There are 2 protein chains.
Amino acid sequence: MKYSKQRELILKTLRQLDTHPTAEELHVLVKRNLPSISLGTVYRNLGQLVDSKLVRKVEVAGSSSVRYEAKGEEHCHLICTECGSIIDATPQMFETIDVKVKAEVGFTVNNHGIILQGICKECQAKRKKPS
Amino acid sequence: MKYSKQRELILKTLRQLDTHPTAEELHVLVKRNLPSISLGTVYRNLGQLVDSKLVRKVEVAGSSSVRYEAKGEEHCHLICTECGSIIDATPQMFETIDVKVKAEVGFTVNNHGIILQGICKECQAKRKKPS
DNA sequence: ATAGCTGCAAAATGTTTGCGCGAAA
DNA sequence: TTTCGCGCAAACATTTTGCAGCTAT
């Protein structure tokens, strides 16, 4: 990946935020420092930054657009049904879920994003003894 | 809400499914019994059915379109990162989360959809002693 | 009779993409 | 100097909406 002023600024701006902006909100913020930057460039760079794990998508149910964050480790979010505020969850909150999920349906949880992702029983069997 | 053949059929079709179809997928299924029904009508009726709690939205991260379900109680979903299959979670898996979330950030969880929804500390304070 | 629902098509929204130019390697 | 990223605008996908006519009450 080739360096670009735009990508550096997008990442720097997102890293300074404690909020979870949409691409459009971030575009407005970034334009303060680089007025010529286009929304398409913000989308393209966010995509690359997500691919390289420097940025995470925060997919909020009920919000039509995707939100992004660059701070800290992967974590779940608590969304207030009154004011819409987004609070970061801690890993401790989920400690026992993985164990229960595994015990009940044999599903191994890898990831506590907005949804629980992992590998289902069938796919695990396929992995251990491949065709 | 006034009766309509279209809405009845949409709900009946969705209730027969163990999958979590998008509006477009459901439109295809419903058209088998009522070829003239339009996609707009499917969207409009799904909206009403969600409002009246007969149908729930299943917002799957990574899928661009919203999915719907009509069976059982509200529940979370486990999404396999290998094959994309959607498995229904049980309430027991989440028993301790509510307690931990409450203890750590004073947030009361109401709902274990795809994301955790509830009321944040500030809104609870506002509720108890209104302006 | 009339409120509310329909099908249709256009609009709205959020995101992606093709293009020709300019910047990084 | 070649490759890749840019800005721009058009395309795209999903969902919503305005309208004129039909249906349930």
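Letters A, B, ... mirror the listed sequences (proteins, then strands); counts begin at 1. Computed from a predicted model, the values in this text were never measured in an experiment. Both backbone and side-chain heavy atoms feed into the values below; hydrogens, waters and symmetry mates do not.
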Using whole Å, what does the distance between atom [atom2] of nucleotide [N] and atom [atom1] of [X] come to?
X: B:K31; N: C:dC8; atom1: NZ; atom2: C1'; value: 13 Å
X: B:R7; N: C:dG4; atom1: CZ; atom2: P; value: 12 Å
X: A:Q6; N: D:dC4; atom1: CD; atom2: C1'; value: 12 Å
X: B:E8; N: D:dT23; atom1: CD; atom2: C1'; value: 15 Å
X: B:L46; N: D:dT17; atom1: CG; atom2: P; value: 15 Å
X: B:L26; N: D:dT15; atom1: CG; atom2: C1'; value: 15 Å
X: B:Q48; N: C:dT6; atom1: CD; atom2: C1'; value: 12 Å
X: A:I10; N: D:dG7; atom1: CD1; atom2: C1'; value: 13 Å

Inset, instruction - Just grab all the salt bridge (charged side-chain N to carboxylate O under 4.0 Å, His left out) pairs involving residues 19-34 of chain A, residues at least two apart or on different chains. - result: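 The answer is A:E25-A:R67.
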Legend entry - Matching residue for B:L46 among B:V66, B:D51, B:L14, B:T41 - test: side chain to side chain contact (heavy atoms under 4.5 Å, CB included):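 Testing each of B:V66, B:D51, B:L14, B:T41 against B:L46, the sole residue satisfying side chain to side chain contact (heavy atoms under 4.5 Å, CB included) is B:L14.
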Legend entry - B:R7 (side chain) donor-acceptor with B:M1 (main chain) under 3.5 angstrom: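 Pair absent, no side-chain N/O of B:R7 close to backbone of B:M1.
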Inset, instruction - Please answer whether the main-chain N or O of B:K57 pairs with a side-chain N or O of B:H20 as donor and acceptor at a distance below 3.5 Å. - result: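 Here the side-chain-to-backbone pair does not exist.
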Inset, instruction - Any chance you could list the contact pattern along nucleotides 14-25 of chain C? Use B for base contacts, S for sugar-phosphate-only contacts and - for none, protein heavy atoms under 4.0 Å, 5' to 3'. - result: SBB-B----BBS
Legend entry - Rounded distance (nearest 0.5 Å) linking atom CZ of A:R44 with atom CD1 of A:I10: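 Interatomic distance, A:R44 CZ to A:I10 CD1, rounded to 0.5 Å: 10.5 Å.
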Legend entry - Connected via hydrophobic side-chain network under 4.5 Å: A:L39 and A:L9: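 No.
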